[in-house]
J.: 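One structure is given below, represented as structure tokens, and several questions about it will come after.
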Amino acid sequence: MSELLSVWLAAILTLIVYSYLLGDNPLYRLAQHVFVGSSVGYAVVVVLHSVLRPRLVEPLLQDAGANWPYLLPLLLCLLLLTKTRGTTAWLGNSAVAFLFGVGAALAIGGALLGSFLPQIQASWVSVSPSSAGGRVAAANNILLAVGTIGTLAYFYFTMGVRGSPGSGLVRFASTVGRWVILITFGAIFGNRVMAYVSLLIERVYFLLGDWLGLLG
Amino acid sequence: MMTCPHCGAANKPDSRFCGECGQPLGVPQGVTCPMCDTPNPPGVSVCTKCGAQLVPPGLSPTDMPLEAGEYGERAAAAEAQPEGAREPAGDSRELEETEAAIGAAEEMVPPWLKKLEGIPGEETPAELEEEDQRELSELPEWLEVPPDLEEMLAEASATASEEEVALAEIPSWLQALRPDQVEGDEEPTGAPGLAEITGLLKGIKGTLGIEPVVAIPRRAMPLPAATPSSASYEKAELFGTVVREAARPGVEVAPRRRVETLMASTVRWIIYLILFAGVAVPLLLGSTWSEANMPVTSATAAMYEAVEALPADSVVLISHDYDPGSAGEMVPQVEAVLHHLMERQARLINVSLTPEGSRLARQVVERVAEEHGYVPGEDYLSLGYVTGVEAAPRTIVEELRSAEWSGFVGTGQDPSLIVEFAGTPEYLRLWLEQVQGPYGLPMVAGVSATADPYARPYYRNEAQRQLLGLMTGLVGAAEYERHSGEAGLALASMDSQSVVHVAMVLLIMVGNVAYFGGRLRGKPS
Amino acid sequence: MEFLAAVFRDLGIGQQQALMFALLLPFFPLLLIMNRRIREKGRPQLRSIPGYDAVQEYLGRAAESGRRVHVSMGTGGIGASVTAESLAGLTVLEHIAAHALATGLEPVVTVSDPSLLPVAQDVVQKACVAQGYPEGHDPACVRFISSDKVAYAAGVGDILGHAQVAANVMVGSFGDEFLLMSEVGARKGLVQVGGATSPQILPFVYASTDQTLIGEEIFAAGAYLLGKTSHLASLATQDWLRTAVIFTIVVGIVVRSLA
Amino acid sequence: MRRIAQAVGVGLRRSIPMALAIAIGSLVLVDFFFDQPHINALGSFFVESVVILVAFAMILGLLNVLVVHFRRIWKRDDGWYYSIALVSIALVVVVAGIPGADSRVVTWVFDNVQFPLQAATFSLLAFFVATAAYRGLRLRSWESVAFVVTAVVVLIGQVPVGRYVSELLPQIKDWILNVPSTAGMRGIIIGVALGTIATGVRVLTGFDRPYSGEGDSTQ
């Protein structure tokens with residue numbers, strides 16, 4: 001019984017969402033507000049029970065002596081709370097500064113470790129047919145290198161402005177880069193559509209199969 | 001058209017920087033329009049872009065720099081007062097002045113403006129008020145002067161001195177590295193910055209540093225007078241008559257716009273309908289064209305063989321690292337592989353490096369497990385989201401070696417196979433670098449279509465065999481289903497995908513035909 | 001050399017870490033040198049980025065029509081590895097808030113990650129004070145929608161559709177949910193500027209908005225919109241290091257090919 | 001005397017957050033380079049603190065949602081009745097979830113309301129991508145020809161029907177993905193990394209202080 005109810009409820013909600021395609025309507029707005037509300041509520045519940053309680057409150061309540069470092073996040077939380085009042089807002093700046101400090105470090109570390117270094121290393125390809133494994137592979141590698149360099153050059157901000165030294169070269173490279181970027185966009189577009197469409201197929205499969213029982 | 005003061009090149013009227021030399025266009029000398037923010041050359045009284053009045057009619061445009069300078073000095077004078085003293089005494093006096101000015105302005109509100117309050121219409125100020133209650137009076141915007149202009153300017157220059165000049169540039173600890181810096185720069189308040197400020201504000205007439213301009217409210221500049229002159233009163237009257245006038249017959253315009261919007265939404269409906277039909281019709285017809293014609297790539301076949309080769313009761317670690325965005329591709333993959341694994345009677349440990357992944361996986365795993373009569377906790381485990389992304393894969397494998405897990409995995413044993421489902425390449429990289437490489441465990445992966453170019457080299461690497469098998473996107477899932485002879489969601493949806501993709505290409509073509517057709521008829525699309 | 005390697009080993013620095021460090025190190029002195037050079041020699045010439053010109057133009061249009069501008073800073077927050085993208089979004093907000101408030105209209109700011117909420121409120125508050133509204137901003141001006149990205153997109157869609165918005169500027173870290181918002185905007189006929197860094201979503205930003213800030217361009221907001229010296233210095237630093245990276249790639253390819 | 005005290009106060013207000021950001025940030029950054037247990041522990045602890053802090057900010061986010069929507073209800077703004085739905089379901093979920101995250105109400109709402117709504121909303125992407133393709137993929141310039149042609153080739157080359165059109169199509173698609181697209185992605189990613197690092201360095205050296213909010217300006 002409850003399964004039937006779930007299927008019907010899910011089907012009705014799905015249809016309400018699709019009704020937006022015909023035009024904005026009150027039912028759709030209601031559904032979206034319900035969606036936003038429940039997601040906020042759910043997020044708060046998750047945060048309470050998987051972060052705040054086990055990782056802050058419990059360590060402090062159980063053994064504050066051993067877990068004294070957790071006073072720091074507690075203090076920061078209280079500082080953040082002062083931000084809600086205009087007169088004490090400056091106190092909260094420390095908490096925000098903490099976020100920005102750690103965030104900046106994580107951004108730098110993540111960029112270095114995750115993309116900067118590996119991508120540079122990956123772009124060291126061989127362009128000689130003997131070590132690349134054939135002429136075609138070597139030609140592809142040349143294209144790869146030219147494309148990468150061109151794309152990088154496309155983003156020059158202060159160099160290559162007309163009149164500055166080497167501007168012709170930079171401009172040429174960035175024109176190549178512009179083409180490469182748009183080809184890349186096209187490729188990703190075509191590649192990604194499948195993922196988006198498969199989300200729709202899954203829903204239609206649900207509507208036609210699980211709900212209406214039309215599919216064998 | 002706008003001429004660059006630096007190189008003389010012609011630029012688009014609304015560009016901020018010269019396309020030739022990159023210098024900012026017409027910042028200091030000109031007048032910035034309070035309505036549309038377009039910089040105008042000095043000496044004009046009407047904005048070149050939107051036609052708004054730049055100078056109250058009582059004033060000749062040449063008065064401008066003088067007035068602006070005067071304001072700068074007044075602001076500087078306010079700044080010169082000690083901070084404590086400025087607040088109560090100085091402000092109240094200034095406030096009185098401005099209040100008087102506002103009062104005068106309000107008295108002069110043309111009668112039509114008062115009448116207008118009840119009239120609904122696009123131009124009525126009432127509608128603006130709904131958006132923002134701070135609308136000061138019903139005066140046209142170009143007449144309106146913020147009541148606390150002086151205060152604002154003083155504050156702005158204070159900010160300019162304290163923040164922008166002294167602190168913004170270089171943090172105090174770095175200051176030590178720069179011997180030729182003016183002393184006392186770090187001092188947040190007080191007199192030392194004063195001379196500079198007057199200089200800066202005077203500088204409005206000539207060249208300006210970049211930072212201080214930002215702090216000075218732009219619209220305050222061209223509005224030196226608080227009381228409207230009689231000329232402006234006349235203009236306001238004129239504006240009133242224009243507003244009160246019965247709406248001109250906009251008949252040609254309005255219905256055409258309605259037709260256009262109707263057309264736009266009809267086109268949209270057609271597109272939506274095509275898409276929906278493209279998905280639903282093949283599903284309803286149960287078309288099996290792809291099922292019969294689908295080739296299976298060697299990478300997917302290799303993945304199948306890797307699972308097929310598992311002895312019964314071997315332990316397999318599955319990581320679900322995807323989000324709702326890639327779930328459409330990944331879930332069919334997971335389903336296909338899970339069916340196969342459960343047929344091989346493998347015991348499964350499900351983990352996830354993303355919270356969404358664990359949520360999405362839970363539903364699929366439970367459903368498939370139920371079909372195969374798998375018992376949770378005995379035949380398979382769902383460990384959920386494992387925190388600490390960067391080091392999580394290693395932690396998981398180390399944990400499985402510990403005594404706690406000897407019941408499920410066997411003492412000090414590793415899983416026989418790792419199956420990684422990666423929506424983005426980062427997760428695949430983590431598993432390869434932290435587990436496959438160091439521990440040498442056999443591993444296969446299912447990746448989204450976008451992650452494929454990153455994953456492919458690991459499969460192709462014959463020497464190391466980092467990935468024993470690889471399947472890509474929904475097509476990969478379909479291939480897997482075809483190879484294993486068990487048609488599922490992925491194979492069933494292949495025909496829909498084909499139809500939708502072809503439809504999408506046709507849409508792009510039609511869109512271009514419409515675009516060029518529109519262009520030929522001289523209508524911008 | 002041997003000695004150095006031993007020291008590195010003792011400190012727990014592997015080869016990869018040493019390389020990372022070598023890549024990071026030049027940023028610090030270059031930033032200082034560039035900052036100083038710009039202060040002494042004036043600002044460098046910048047190539048034009050249509051996306052930033054468009055921000056300016058759309059602000060004007062919004063002011064003319066008396067409707068507001070919606071600003072989003074992405075679905076990432078601060079304190080995570082997307083901090084830089086969120087900061088770029090905040091810089092754009094800083095500019096828009098100042099200009100929108102100068103015309104008396106508050107922008108509508110929506111936030112997905114809760115960590116951005118206090119910072120976005122600060123930025124708007126600061127702009128309010130600077131533009132002569134010392135009583136501060138309307139609390140409804142900066143809205144937290146939901147930390148769930150899809151729910152956030154749904155909430156933003158509702159705002160774009162019903163809150164008297166004229167322009168939509170979304171710069172920051174976005175995922176697939178971007179298209180859910182930008183298409184609603186396009187349907188309502190809003191003028192839109194989008195900026196994102198993830199290559200996965202950029203083509204859709206490009207196809208669905210009027211002007212696109214591609215990848216790295218979003219980090220130039222401080223230089224193009226606010227003209228901050230340190231941001232200009234940062235761009236110059238990036239350009240020098242970009243040249244160095246290109247050089248490294250070329251050298252690496254030559255070495256690999258000859259080996 | 002009062003002015004000096006005030007100046008010191010203002011100075012402290014500004015320098016404490018800055019010192020905090022720089023010090024903590026540098027420590028976390030150093031953690032990336034050294035494999036020392038102490039530094040690792042410290043770095044992990046700071047990251048953990050951020051997780052807690054963001055979690056706490058979520059509570060403030062809930063407050064913001066409540067304030068915004070209660071005001072909307074109070075002032076009878078356009079669409080205020082939707083706000084009632086939003087606020088009430090949020091409160092129901094939060095209150096029901098206080099005893100535990102797996103309370104029956106929370107799970108039920110999640111499985112039967114939120115999940116279908118999320119899936120349905122997300123699947124709108126397919127429709128939107130079609131309208132974006134119709135509107136956005138137009139041959140406005142020579143470069144956009146590259147965009148459109150690549151998109152079409154990959155779209156068709158990806159599905160089984162592509163092979164039917166031409167055996168070459170899937171191969172061209174693979175080549176595009178492996179060579180030019182990889183090059184473009186690599187260039188974009190390296191560029192983004194450059195920008196990210198430069199931005200991070202600006203914060204860590206104190207050039208950029210996005211945290212010195214209005215505490216400064218409303219003195």
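Note that this is a predicted model, so its numbers are computed, not measured. Sequence lines set the chain letters: A, B, ... in the order given, protein chains first and strands last, and positions in each chain run from 1.
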J.: Please look at Tyr154(A) and chain D and tell me whether the side chain, the backbone, both or neither of the residue comes under 4.5 angstrom of a heavy atom of that chain.
T.: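 Answer is neither: Tyr154(A) stays 4.5 Å or more from chain D.
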
J.: In Å, rounded to the nearest 0.5 Å, how long is the span from CD1 of Ile59(D) to CG of Leu81(A)?
T.: 10.5 Å

J.: For the residue pair Asn140(A) and Asn178(D), establish whether any side-chain heavy-atom pair is separated by less than 4.5 Å.
T.: no

J.: Closest approach of Ala55(D) and Val51(A), non-hydrogen atoms and distance?
T.: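 Closest pair (atom of Ala55(D), atom of Val51(A), distance): CB-CG1, 3.6 Å.
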
J.: How close do Gln158(D) and Gly190(A) get, heavy atom to heavy atom, and via which atoms?
T.: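 Smallest heavy-atom distance, with atoms named: OE1-O, 3.1 Å.
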
J.: Which distance, rounded to the nearest 0.5 Å, do you find between the CG of Leu76(A) and the CD1 of Ile52(D)?
T.: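 CD1 of Ile52(D) is found 9.5 Å from CG of Leu76(A).
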
J.: Rounded to the nearest 0.5 Å, how far apart are CG of Leu20(D) and CG of Asn93(A)?
T.: 11.0 Å

J.: Counting heavy-atom pairs under 4.5 Å to chain A, which of Val203(D), Leu91(D), Val179(D), Leu177(D) comes out on top?
T.: Val179(D)

J.: In a check of side chain to side chain contact (heavy atoms under 4.5 Å, CB included) between Phe189(A) and each of Leu137(D), Val148(D), Val152(D), which one passes?
T.: Leu137(D)

J.: Below 4.5 Å, heavy-atom pairs only: which of Ala97(A), Ala111(A), Ala195(A) has the largest tally toward chain D?
T.: Ala97(A)

J.: Give the minimum heavy-atom separation between Ser94(A) and Ile16(D), together with the two atoms involved.
T.: OG-CG2, 3.9 Å

J.: So do the side chains of Pro73(A) and Leu53(D) get within less than 4.5 Å of each other, counting heavy atoms only?
T.: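 No, every pair of side-chain atoms sits at 4.5 Å or beyond.
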
J.: Given heavy-atom pairs under 4.5 angstrom as the criterion, report whether the side chain, backbone, both or neither of Val40(A) touches chain D.
T.: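 Looking at Val40(A), backbone and side chain both touch chain D.
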
J.: Select, from Val180(A), Leu199(A), Leu30(A), Ile183(A), the one with the greatest count of heavy-atom pairs under 4.5 Å involving chain D.
T.: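 Of Val180(A), Leu199(A), Leu30(A), Ile183(A), Ile183(A) has the most heavy-atom pairs under 4.5 Å with chain D.
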
J.: As an exercise: rank Gly177(A), Gly37(A), Gly92(A) by heavy-atom pairs under 4.5 Å with chain D and give me the winner.
T.: Gly37(A)

J.: So which residue, Glu143(D), Arg202(D), Met58(D), ends up with the most heavy-atom pairs under 4.5 Å with chain A?
T.: Glu143(D)

J.: Between Ile197(D) and Phe116(A), is any pair of side-chain heavy atoms under 4.5 Å apart?
T.: yes

J.: Out of Trp108(D), Phe127(D), Trp175(D), which one racks up the most heavy-atom pairs below 4.5 Å with chain A?
T.: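 Winner by heavy-atom pair count: Phe127(D).
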
J.: Go through the atoms of Tyr28(A) and report whether side chain, backbone, both or neither lie under 4.5 Å from a heavy atom of chain D.
T.: side chain

J.: Just verifying a value: how many Å separate Leu21(A) CG and Phe128(D) CZ, rounded to the nearest 0.5 Å?
T.: 6.5 Å

J.: Side chain to side chain contact (heavy atoms under 4.5 Å, CB included), that's the test. Do Gln32(A) and Thr121(D) meet it? Break it down for me.
T.: CA-CA 9 Å; Gln32(A) 295 302 53; Thr121(D) 308; 3.7 Å; yes

J.: So, for Gly200(D) and Ile108(A), which heavy atoms are closest and what is the spacing to 0.1 Å?
T.: C-CD1, 3.6 Å

J.: Under a 4.5 Å heavy-atom cut-off, does chain A meet the side chain of Phe45(D), its backbone, both or neither?
T.: side chain

J.: Atom CZ of Phe32(D) and atom CG of Leu112(A): how far apart are they, to the nearest 0.5 Å?
T.: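 These two atoms lie 8.5 Å from each other.
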
J.: Flag the pair Glu48(D) / Tyr70(A) as yes when at least one side-chain heavy-atom distance between them is below 4.5 Å, and no otherwise.
T.: yes

J.: Of all the heavy-atom pairs spanning Phe56(D) and Cys77(A), show the shortest one and how long it is.
T.: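 Reported closest heavy-atom pair: CE2-O, 3.2 Å.
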
J.: Top residue by heavy-atom pair count (under 4.5 Å) with chain A, among Gly191(D), Ala198(D), Ala133(D), Pro116(D)?
T.: Pro116(D)

J.: When you compare the side chain of Ser49(D) with that of Phe98(A), does any pair of heavy atoms fall below 4.5 Å?
T.: yes

J.: Can you tell which of Ser115(A), Ser123(A), Ala43(A), Ala107(A) has the highest number of heavy-atom pairs within less than 4.5 Å of chain D?
T.: Ser123(A)

J.: With no hydrogens and no angle check, just 3.5 Å: does a side-chain donor-acceptor pair link Ser123(D) and Tyr196(A)?
T.: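 Side-chain D/A pair, Ser123(D) to Tyr196(A): absent.
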
J.: Heavy-atom distances under 4.5 Å only: say whether Arg178(A) touches chain D with side chain, backbone, both or neither.
T.: side chain

J.: If we define contacts as heavy-atom pairs under 4.5 Å, which of Val192(D), Leu60(D), Val109(D), Val159(D) has the most with chain A?
T.: Leu60(D)

J.: Taking every heavy-atom pair that is under 4.5 Å apart, which of Ala104(A), Ser39(A), Ser38(A) has the most such pairs with chain D?
T.: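 Most heavy-atom pairs within the cutoff with chain D belong to Ser38(A).
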
J.: With a 4.5 angstrom heavy-atom cut-off, is it the side chain or the backbone of Leu200(A) that approaches chain D, or both, or neither?
T.: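 For Leu200(A), the contact with chain D is made by backbone and side chain together.
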
J.: Heavy-atom pairs under 4.5 Å with chain D are the metric here; pick the option from Val197(A), Leu72(A), Ile181(A), Leu48(A) that has the most.
T.: Leu72(A)

J.: Do Leu86(D) and Val34(A) pass the side chain to side chain contact (heavy atoms under 4.5 Å, CB included) test, and can you show the C-alpha distance, the side-chain angles, and the key distance before you say yes or no?
T.: CA-CA 5 Å; Leu86(D) 192 155; Val34(A) 166; over 6 Å; no

J.: Between Tyr211(D) and Phe100(A), what is the ring plane arrangement, given parallel below 30°, perpendicular above 60°, and tilted in between?
T.: tilted

J.: Report which part of Ala122(A) has an atom under 4.5 Å of a heavy atom belonging to chain D: side chain, backbone, both, or neither.
T.: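 For Ala122(A), the contact with chain D is made by backbone and side chain together.
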
J.: Set out, in order, the CA-CA distance, both residues' side-chain angles and the distance that settles side chain to side chain contact (heavy atoms under 4.5 Å, CB included) for Thr184(A) and Phe147(D), then state yes or no.
T.: CA-CA 8 Å; Thr184(A) 309; Phe147(D) 179 49; over 6 Å; no

J.: Less than 4.5 Å to any heavy atom of chain D: does that hold for the side chain of Phe155(A), its backbone, both, or neither?
T.: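 The side chain, not the backbone.
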
J.: With rounding to the nearest 0.5 Å, note down the distance linking OG1 in Thr196(D) to CG in Leu106(A).
T.: 12.5 Å

J.: Go through the atoms of Ala57(D) and report whether side chain, backbone, both or neither lie under 4.5 Å from a heavy atom of chain A.
T.: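 Contact with chain A involves both backbone and side-chain atoms of Ala57(D).
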
J.: Are the side chains of Leu99(A) and Val54(D) in touch, meaning some heavy atoms are under 4.5 Å apart?
T.: yes

J.: Quick check on the interface: out of Ala119(D), Gly43(D), Ala132(D), Ala85(D), who has the most heavy-atom pairs with chain A under 4.5 Å?
T.: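 Top option by heavy-atom pairs under 4.5 Å: Ala119(D).
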
J.: Is there a side-chain contact between Leu124(D) and Tyr18(A), using heavy atoms and a 4.5 Å cut-off?
T.: yes

J.: Using non-hydrogen atoms and a 4.5 Å limit, figure out which bit of Phe110(D) sits close to chain A: side chain, backbone, both or neither.
T.: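 Only the side chain of Phe110(D) comes within 4.5 Å of chain A.
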
J.: Tell me if a side-chain donor or acceptor on His49(A) pairs with a main-chain N or O of Gly97(D) at a distance below 3.5 Å.
T.: yes

J.: Would you name the heavy atoms of Asn112(D) and Leu9(A) that are closest together and state the gap between them?
T.: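 Result for this residue pair: O-CD2, 3.5 Å.
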
J.: Which answer fits Val149(D), side chain, backbone, both or neither, if we ask what part of it has an atom under 4.5 Å from a heavy atom of chain A?
T.: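 Neither part; nothing is under 4.5 Å.
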
J.: In the structure I gave you, are the side-chain heavy atoms of Arg186(D) and Leu144(A) within less than 4.5 Å of one another anywhere?
T.: yes

